[in-house]
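Scroll down for the structure; my scribbles are underneath it.
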Amino acid sequence: MAAQKPSVPKGTRDFSPVEMVKRNFIFDTIKDVFKRYGYLPIETPSMENLSTLMGKYGEEGDKLLFKILNSGDYLSKVKSNLTEVESSKLSLEISEKGLRYDLTVPFARFVVQHLNDITFPFKRYQIQPVWRADRPQKGRYREFYQCDVDVIGSNSLLNEVELVQIIDQIFQKLNVNSVIKINNRKILLGIAETIGEPDKFIDITVAIDKLDKIGLEKVNEELLSKGISKTAIEKLKPIFDLSGSNFDKLKSLKEIVKDSETGLKGVEEVETILDYFEILPLNIELELDLTLARGLNYYTGAIFEVKAKDVEIGSVCGGGRYDDLTGVFGLKDVSGVGISFGADRIYDVMEQLNIFPKEIVASTKVMFVNFGKNEEKYCLPLLQKLRDNGINSEIFPESAKMKKQMTYANNKNIPFVILVGANEMDKGVLTVKDMISGDQSEMKFKELLQKLS
RNA sequence: GUGGUUGUAGCUCAGUUGGUUAGAGUGCUUGAUUGUGGUUCAAGAAGUCGCCGGUUCGAACCCGGUCUCCCACCCCA
């Protein structure tokens, strides 16, 4: 049999031990902060029924769902004429499951399905991979991890405030220089109403979302092509010109959307949230950005996005409030708010800036060199004691050449190597070599324990 | 989904207008050094030139297709 070239599917990756240590550093940091704020973990299956997923992410999102072919003779149940049917229709007949696209929709499903076991407000976190049939590029993968925190069953803006604090904490701990952008869908809706194009709300948000990327002129072109009137576009202009502090912007906004009840409500919400941070100082900048829109169309209130400074990559965290995500699953009037950290992008940012703490890569603290069977037996109980004292340690599994054993320790960044041969066994001491300085000295086991703890 | 780009040793990359046996650095193995790694020196192993087909006496090189990587758009973490 011809050897087949090993490979993984497009947009997926293997992770080496070094990469995993770094990834886990991110996951652990995020998880710790989530827990600190009283969130508990859940997990949901990798695959969901297509009926759960379809239609939740807009037309674009539906196309990006990975669908799973039904088992067995899946073609036998197809009712359509195979030579005529469109592939989009056929896919629904031969596939009834799909890989999850995000963690928010499965969470909404979870809440409704387990209503009896849940007390509201329900605070959960969830760190799992999601899949999107997107074409890969910088910072974009087909399989990637999201780290979600959501509260469901509480309208209080205190939840939004808490999420901002969580973002602040996490990026501070990871030492990633970033800026939190906040906006509110109600403000955007209010603006659409004010300029007399409430039906074009989605087109307007999508277009102005691109403002900082393609510029005012191109945005206006796009708006025009979507059928938005010239006078409406003209009215939009002062909104983009807003400047000054967050509170300055809010003041001007109030004037602009004064005839829209929804718009005013949105302004008030943002104001309330920002007010809290007068007494709760943040490490990271929090900026009201009216061009922030977010594509996912289930958001209804506050929306958030975090961008890393110093690195050209999409957002590293995003989220917002959704008033009726559980509605489609039969639970009305339950509002939730949540955010999602993109662990893979955070990794890319940290890797590019080279800001992973050096010490996380060195996992093993101590290695015993293996000189043979007798020495092994002498070392194993000592090794056990080190481990009982919480010191990561190992013994080289065979009595290979010293050079090989030392190279192994060196490549694994093990800071201490212990040599116990006939000499040491006679004297009842250990030769401890510091791999960084190159110094070595004899000491008793007790002294070693002290040195390491 | 649209457009562009890339693929040669484990890794990073050379490879002339198509012409004998495809190279370098690094890593790996071995030795100099039988109880000492990270420096040095010497030797060695390692490649279906992404894959399939075509043109040619002859293809890593030219042509077609396909896969992959990366980039932009779309969209998003």
Side-chain angles (χ1 to χ4, degrees), chain A residues 2-13 16 26 30 57-65 87-88 100-104 127-148 167 202 205-207 209-210 213-214 218 222 292-297 299 304-308 312-319 338-349 367 369-372 375 396 399-425 431-440:
Chain A
Q4 95 189 46
K5 193 152 201 161
S7 65
V8 294
K10 194 193 191 98
T12 67
R13 298 153 299 157
S16 69
I26 295 174
I30 290 174
Y57 310 106
E59 210 177 309
E60 223 29 68
D62 282 356
K63 282 190 215 155
L64 298 179
L65 286 171
S87 40
S88 61
R100 73 167 101 77
Y101 178 91
D102 72 354
L103 300 178
T104 309
I127 299 178
Q128 288 190 274
V130 302
W131 294 269
R132 295 182 190 178
D134 225 341
R135 212 189 268 198
Q137 57 175 277
K138 192 190 189 87
R140 174 184 293 182
Y141 306 99
R142 287 187 152 183
E143 177 183 62
F144 61 97
Y145 271 76
Q146 290 196 328
C147 313
D148 275 35
I167 294 173
I202 289 181
T205 58
V206 168
D209 189 33
K210 295 176 192 161
K213 208 168 180 182
I214 61 174
K218 288 264 171 79
E222 179 162 335
L292 170 61
R294 295 199 59 79
L296 259 39
N297 53 21
Y299 292 121
F304 306 100
E305 201 161 280
V306 181
K307 289 226 155 157
E312 197 60 42
I313 202 164
S315 58
V316 290
C317 175
I339 48 173
S340 177
F341 291 79
D344 303 77
R345 281 187 182 174
I346 294 174
Y347 180 98
D348 289 347
V349 168
M367 186 192 88
V369 170
N370 190 325
F371 283 110
E375 291 85 347
F396 201 84
S399 60
K401 292 215 165 89
M402 267 288 259
K403 186 183 162 104
K404 185 170 171 64
Q405 303 197 32
M406 295 301 279
T407 307
Y408 173 86
N410 195 54
N411 290 349
K412 227 174 149 180
N413 281 316
I414 297 174
F416 296 103
V417 168
I418 297 180
L419 301 98
V420 184
N423 288 345
E424 285 85 353
M425 281 162 62
T431 297
V432 178
K433 173 156 180 146
D434 182 324
M435 291 295 278
I436 295 158
S437 66
D439 303 337
Q440 66 184 52

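Within every chain, numbering begins at 1; the chains are lettered A, B, ... in the order of the sequence lines, protein sequences first and strands thereafter.
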Whole-Å gap separating P (B:C76) and OH (A:Y101): 7 Å

- prompt: Within the structure shown, what part of the strands sits under 4.0 Å from A:C317 by heavy-atom distance: base, sugar-phosphate, or nothing?
  reply: sugar-phosphate

- request: Side chain of A:T431 only, please: which of B:A72, B:C76, B:U36 is the nearest?
  value: B:U36

task: Mind checking A:G438 for me? I need base, sugar-phosphate or nothing, with any heavy atom below 4.0 Å counting as a touch.
output: base

- prompt: Hey, does A:Q440 reach any base, or is it just sugar-phosphate, or nothing, if we go heavy atoms under 4.0 Å?
  reply: base

Watson-Crick or G-U wobble partner of B:U26, both distances under 3.5 Å: B:G10

message: What's A:G11 touching, base or sugar-phosphate or nothing? Going by heavy atoms closer than 4.0 Å.
response: sugar-phosphate

message: Under 4.0 Å, heavy atoms only, any strand: does A:K210 hit a base, just the sugar-phosphate, or nothing?
response: sugar-phosphate

query: Does any nucleotide pair with B:U17 by Watson-Crick or G-U wobble geometry, both distances under 3.5 Å, and what is it?
result: none

message: Both A:F371 and A:I436 contact RNA chain B. Taking the nearest nucleotide for each, which residue is further toward the 5' end?
response: A:F371

Complement of B:C61, any strand, by Watson-Crick or G-U distances under 3.5 angstrom: none

- prompt: B:G37 base to A:K404 side chain: any donor-acceptor pair below 3.5 Å?
  reply: no

task: Write down the distance separating the P atoms in B:C69 and B:G1, rounded off to the nearest Å.
output: 14 Å

message: Can you see whether A:Q440 engages A:T431 through a side-chain donor-acceptor pair at a distance of less than 3.5 angstrom?
response: no

- request: Using the P atom as the reference point in each nucleotide, state the distance between B:A60 and B:G23 in Å, no decimals.
  value: 13 Å

- prompt: For the side chain of A:R140 and the base of B:C75, is some donor closer than 3.5 Å to an acceptor across the two?
  reply: yes

- prompt: A:Q137 near the nucleic acid: base, sugar-phosphate alone, or nothing, with a heavy-atom cut-off under 4.0 Å?
  reply: base

task: Check whether the side chain of A:K433 and the base of B:U36 form a donor-acceptor pair under 3.5 Å.
output: yes

- request: Please state whether the rings of A:Y408 and A:F396 are parallel, tilted or perpendicular, taking 30° and 60° as the class boundaries.
  value: perpendicular

field: First of A:G139 and A:M406 reached from the 5' end of RNA chain B, by closest nucleotide
entry: A:M406

- prompt: Base, sugar-phosphate alone, or nothing: which one does A:G421 contact when heavy atoms must sit under 4.0 Å apart?
  reply: base

message: Could you tell me the Watson-Crick or G-U partner of B:U39, where both distances fall under 3.5 Å? Say none if there is no partner.
response: none

field: C1'-based separation of B:U39 from B:A32 [nearest Å]
entry: 14 Å

field: B:U68 OP1/OP2 closer than 4.0 Å to side-chain N/O of A:K10
entry: yes

field: Nucleotide B:G37, atom C1' - distance to CG of A:D439 in whole Å
entry: 14 Å

message: For the P atoms, the ones on B:C13 and on B:C70, what distance do you get once it is rounded to whole angstrom?
response: 13 Å

- prompt: If we take the P atom in both B:G15 and B:G19, what is their distance in whole Å?
  reply: 13 Å

Any N/O donor-acceptor pair, A:R135 side-chain to B:C69 base, under 3.5 Å: no

task: Supply the atom-to-atom distance A:R140 CZ to A:D134 CG, rounded to the nearest 0.5 angstrom.
output: 4.0 Å

message: Using the six-membered base ring of B:A77, report whether A:F144 stacks on it, requiring centroids under 5.5 Å and planes under 30° apart.
response: yes

- request: Using whole Å, report how far OH of A:Y57 lies from C1' of B:A77.
  value: 13 Å

- prompt: Using a cut-off of 4.0 Å on non-hydrogen atoms, how would the nucleic acid contact of A:D134 be classed: base, sugar-phosphate, or nothing?
  reply: base

task: Assign A:F341 to base, sugar-phosphate, or nothing according to its heavy-atom contacts below 4.0 angstrom with the strands shown.
output: nothing

message: I'd like to know if A:E424 reaches the base of B:G35 with its side chain, counting only an N/O donor and acceptor under 3.5 Å.
response: yes

task: Considering just the side-chain nitrogens and oxygens of A:N413, establish if one lies under 4.0 Å of OP1 or OP2 belonging to B:G37.
output: no

- request: Using a cut-off of strictly less than 4.0 Å, decide whether A:K401 has a side-chain nitrogen or oxygen near OP1 or OP2 of B:G31.
  value: yes

- request: Would you classify A:I346 as touching base, sugar-phosphate or nothing, given that sugar-phosphate means primed atoms plus P, OP1 and OP2, and contacts are heavy atoms under 4.0 Å?
  value: nothing

- prompt: Any donor-acceptor pair under 3.5 Å joining the side chain of A:N410 to the base of B:G37?
  reply: yes

